[in-house]
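Have a look at the structure below, then the notes.
Just so you know, residue 1 is the first one in the sequence shown, and it goes up from there. It should be emphasised that the depicted structure is a prediction, and the values quoted were computed from it without experimental measurement.
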Amino acid sequence: MKRSGLITVLTAGLALSAPWALAEESVRITPLGSHDGEFCSRDRALVLEDPNGTRILYDAGRTVAGPDDPRLGDIDVILVSHMHGDHVGDQRIREINAGSCASPDTSVGTLPQSNTVDIAVKKQARIVTGSEMPAFFAAKLKEAGANPANSVLVRFGGEREEGGVKIATVPAVHSNGVSPSFLTGPLAEHLKAAGVGASVGPPTGYVLTFSNGLVVYLSGDTGITAEQKRVVNDYYGAELVVMNIGDTFTTGPKEAAYVINDLVQPKAVIASHANEPATSGGKVQDGTRTALFRDSVNVPVHAPLSGRTMAFNGAATCISGCN
């Protein structure tokens, strides 16, 4: 059941008659990595901006320099795929380009709140998550003196609209424990002593439907799932995918290529979570996981170069900023 076809046709027709309209109707995606113009080992964060101006931060992680990072601008919504430190942000960079692309300097501590919560409080953004994560983030917002109602839920099978963007969560196969370091009091000590974390339910992926008709699948950290075919492709009709390729902890480049070529079958993909210094001088390096993924996929693969905005029309064609 493809939901974006009519809007895509109308958008494409408008673009043919007025080239300026194509740029105005594009979804702008800006990676916020550790090193300007590169795709580095800890990079996760993306800002996705709807043509209507709604701005969504996805997995702030460790490479956003806190809420005062000048690259952030206004943020309306924050999405978190799961509670691991490299996604929610147990630490962060102090400034862009500190350390190396392989080992960025993320020495600024953010515990027990997180980079995500710090940004949400300063930006007065809503945190939209699935599973049992909303209650956790509501408590964190309250502790920070912010409104706990800004942590909202969208569970598998449902949909929520924020600022004209439709947000749905889809299953991801990964772990989702909260480290004791995010907690305080006796419970934190007991969990730490036992070597376990608190459960906040399954991790999630997201499907976003933008106002220009573009449908984007954010995979989160996942392995191969049947839902990538039956739900992400068959029901939502995702045409642009942000796909984790890091291997060992997530889908590897060969497995991710199978997801793209055989299951989701989008029109374009942005590589993510490579766990390597994937580029040098903005070019994908030979012998990297990112290069293997690019060479194994049947559609255009775009490397998320930090600070470089990519613009996509409703048919998932990159109209500017892609390499």
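When only modelled atom types and interatomic distance are considered, T106 and Q91 share a side-chain donor-acceptor pair under 3.5 Å. Remark: the D221 side chain and the H87 side chain contain an N/O donor-acceptor pair separated by less than 3.5 Å. Using a 3.5 Å distance cut-off with no hydrogens or angles, the side chains of N115 and T110 do not pair a donor with an acceptor. Judged purely by distance below 3.5 Å, without hydrogens or angles, the side chains of S306 and E38 never pair a donor atom with an acceptor atom. At a cut-off of 3.5 Å, with distance as the only test, a side-chain donor of D50 or S211 sits close to an acceptor on the other residue. Side-chain contact check for E239 and Y217: no donor-acceptor pair (N or O, by modelled atom type) lies under 3.5 Å.
Proximity of a side-chain donor or acceptor of T317 to a complementary backbone N or O of N313 within less than 3.5 Å is not detected.
Here the CG-NE2 distance, from L240 to H302, works out to 7.0 Å after rounding to the nearest 0.5 Å. The CZ atom of R92 lies 11.5 Å from the OG atom of S114; values are rounded to the nearest 0.5 Å. Atom OG of S219 is separated from atom CD of Q228 by 7.5 Å, given to the nearest 0.5 angstrom. The SG atom of C322 lies 7.0 Å from the CD1 atom of I270; values are rounded to the nearest 0.5 Å. Between atom OG1 of residue T251 and atom CD1 of residue I260 there is a gap of 9.5 Å, rounded to the nearest 0.5 Å.
Closest approach of A144 and Q113 over heavy atoms only: CB-NE2, 3.2 Å. Contact detail for P277 and A102: the closest heavy-atom pair is CG-CB, 3.9 Å.
Salt-bridge annotation for R44 and D86: present, with a side-chain N of the basic residue lying under 4.0 Å from a carboxylate O of the acidic one. Using a 4.0 Å cut-off between charged nitrogen and carboxylate oxygen, D105 and R94 do not count as a salt-bridge pair. The pair R55-E49 meets the salt-bridge criterion, with a side-chain N (NZ, NE, NH1 or NH2) lying under 4.0 Å from an Asp/Glu carboxylate O. The pair K229-E227 does not count as a salt bridge, with every side-chain nitrogen at least 4.0 angstrom from each carboxylate oxygen. No salt bridge links D76 with R126; every basic N to acidic carboxylate O contact stays at or beyond 4.0 Å.
For residues 187-207, no pair satisfies side chain to side chain donor-acceptor pair (under 3.5 Å), with sequence neighbours left out. The side chain to side chain donor-acceptor pair (under 3.5 Å) contacts involving residues 129-143 comprise E132-R155, where partners must be two or more places apart or lie in separate chains. Listed by first and then second residue, the side chain to side chain donor-acceptor pair (under 3.5 Å) pairs involving residues 178-188 are S179-S181 (not counting sequence neighbours).
Grouped with F39 in one hydrophobic cluster are L305, the linkage being side-chain heavy-atom contacts under 4.5 Å among Ile, Leu, Val, Met, Phe, Trp and Tyr residues.
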- Query: Going through the distances and angles, do R289 and D247 end up as a salt bridge (charged side-chain N to carboxylate O under 4.0 Å, His left out)?
  - Reply: CA-CA 9 Å; R289 282 184 286 271; D247 220 347; 5.7 Å; no

- Could you walk me through whether F249 and H84 pass side chain to side chain contact (heavy atoms under 4.5 Å, CB included), step by step? CA-CA 11 Å; F249 305 105; H84 290 170; over 6 Å; no

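Contact check for L46 versus D59: no side-chain heavy atoms found under the 4.5 Å cut-off. Looking at heavy atoms from C-beta onward, V216 lies out of side-chain contact with V241 at the 4.5 angstrom threshold.
Remark: Q285 CD is packed, more than 12 non-hydrogen atoms of other residues, nucleotides or ligands lying under 6.0 Å away.
Applying the salt bridge (charged side-chain N to carboxylate O under 4.0 Å, His left out) criterion to D36, with sequence neighbours excluded, gives R308. Under the rule for a ring pair (Phe, Tyr, Trp, His ring centres under 6.0 Å), H35 has no partner lying at least two apart in sequence or in another chain.
Among the candidates V242, L214, L79, V215, the single residue satisfying the side-chain contact (heavy atoms from CB on, under 4.5 Å) test with L208 is L79.
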